[in-house]
Amino acid sequence: VRYKVPFCLLSRTFDHFRRCGEGRRECQALWTSAWQSPQAITDVVHPLHRANAGGFSLDSAWLNAFWMHLADNGTGVRVQVHTHPGEAFHSSTDDAFPIVHTPGFLSLVIPNFAMGPIGFKEAYLAEIANDGRWLEILCEERLEIT
Amino acid sequence: MLETGNEHTGSQKGNDRDSDREPKKFEVAIIYNGVKKALTVALDEPMNKVLQQAVALFGSPPNPHTLALFTEAGRELPENVTVKEAGLVPHQALLLRPSTVKGG
């Protein structure tokens, strides 16, 4: 699947990262779309979480309510996006604790606490393979900014 | 004492009748990433089997050990009890989701 991501949602994602992370904490955002048209990303969700310079953790009660919200609205999470302090890569924690475990699910990591230019420059994209392993994949292969 | 005993006996019969009326099998709704699917469970079924079946409903995604069942109120359901002991009721919505989501 190649997802269409409106530039305004990408921009809003960076806004969340910069405002919440303040250039000194990691942060996460979730890109969702309707099950009727999964390719078209329609929303960016900023989850309730705790974070520091080295990681973040989602609030369990928030996740429960969000899971119900997705079911009530016929939407699903397609891409999890989070920041790193420096270089973008997929850590062992990122590998082990994603929000969705389904093959084809994407995880995008933005370097430098998202304080750089809005876009995928030096970003790292990983995808869950059928055997459960995370594999690096080019952003252009799975994400199209519209 | 006799009166209490009679009351106790009456109550027991009442419970037996309630138990007879209780459906042995019923459907619950499993929710994963915005998709809702029905699963039939039995009262005496262990919850770890229910969890396995719930995971299988969604194509058995990799690393199923990271997933758990939660009630709408956010209570994580233990795996070492039966459906009855977990308090499940017909048509209840159960959330299949990771216990922990984090990154670093």
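Just so it is clear: chains get the letters A, B, ... in the order the sequence lines come, proteins before strands, and each one is counted from 1.
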Counting distance only, does the side-chain N/O of B:Arg97 pair as donor-acceptor with the main-chain N or O of A:Ser60 below 3.5 Å?
yes
Hey, which of A:Gly132, A:Pro47, A:Ala71 has the most heavy atom pairs under 4.5 Å with chain B?
A:Ala71
Residue part contacting chain A, namely of B:Ala29, when any heavy atom lies under 4.5 Å:
neither
For B:Leu96, which atoms come within 4.5 Å of any heavy atom of chain A: side chain, backbone, both, or neither?
backbone
Report which part of B:Thr71 has an atom under 4.5 Å of a heavy atom belonging to chain A: side chain, backbone, both, or neither.
backbone
Chain B contact via A:Ala65 - side chain, backbone, both or neither, heavy atoms under 4.5 Å
neither
Hey, any chance A:Phe17 and A:Val77 share a hydrophobic cluster, counting ILVMFWY side chains that come within less than 4.5 Å of each other, even indirectly?
no
For A:Asp59, which atoms come within 4.5 Å of any heavy atom of chain B: side chain, backbone, both, or neither?
neither
Honestly curious: do B:Leu95 and B:Val81 fall in one hydrophobic cluster under the side-chain, below-4.5 Å linking rule?
yes
Most heavy-atom pairs under 4.5 angstrom with chain A, which of B:Ala93, B:Pro64, B:Gly34, B:Gly74?
B:Gly34
How far apart are the closest heavy atoms of B:Asn33 and A:Trp67, and which atoms are they?
N-CZ2, 3.3 Å
Pick from A:Ala51, A:Ser107, A:Ala96, A:Pro98 with the largest number of heavy-atom pairs that fall under 4.5 Å of chain B:
A:Pro98
With a 3.5 Å distance limit and no angle check, can you tell me whether A:Ser57 reaches the backbone of B:Lys102 through a side-chain donor-acceptor pair?
no
Hey, quick one: are B:Val101 and B:Leu51 part of the same hydrophobic cluster, counting side-chain heavy atoms closer than 4.5 Å, chains of contacts allowed?
yes
Under 4.5 Å from a heavy atom of chain B, the part of A:Trp35 involved
side chain
When rounded to the nearest 0.5 angstrom, what distance separates CG in A:Asn64 from CD in B:Glu76?
10.0 Å
Which value, rounded to the nearest 0.5 Å, describes the distance between A:Met68 atom CE and B:Ile31 atom CD1?
4.0 Å
Verdict with reasoning, B:Tyr32 to A:His101, per side chain to side chain contact (heavy atoms under 4.5 Å, CB included)
CA-CA 10 Å; B:Tyr32 178 72; A:His101 295 69; 4.0 Å; yes
Let me know if A:Asn130 has heavy atoms under 4.5 Å from chain B in its side chain, its backbone, both or neither.
backbone
Would you indicate whether A:Glu141, at its atom CD, is surrounded by more than 12 heavy atoms from other residues, nucleotides or ligands within a distance under 6.0 Å?
yes
Find out whether A:Thr102 and B:Phe58 are in side-chain contact, i.e. whether some heavy atom of one side chain is under 4.5 Å from a heavy atom of the other.
no
Tell me, yes or no, whether the heavy-atom count around A:Lys121 atom NZ, taken from other residues, nucleotides or ligands under 6.0 Å, exceeds 12.
no
Looking only at non-hydrogen atoms, find the nearest pair between B:Pro98 and A:Ile99 and report the distance.
CG-O, 3.4 Å
In one Ile/Leu/Val/Met/Phe/Trp/Tyr side-chain cluster, 4.5 Å: A:Phe56, A:Phe89
no
Given the rule that I, L, V, M, F, W and Y join up when any side-chain heavy atoms are under 4.5 Å apart, are B:Val89 and B:Ile30 in one cluster?
no
Applying side chain to side chain contact (heavy atoms under 4.5 Å, CB included), run through A:Phe97 and B:Thr66 and close with a yes or a no.
CA-CA 8 Å; A:Phe97 299 100; B:Thr66 59; 5.5 Å; no
Tell me the closest heavy-atom pair linking B:Pro62 and A:Ile128, and the distance in Å.
CG-CG2, 4.4 Å
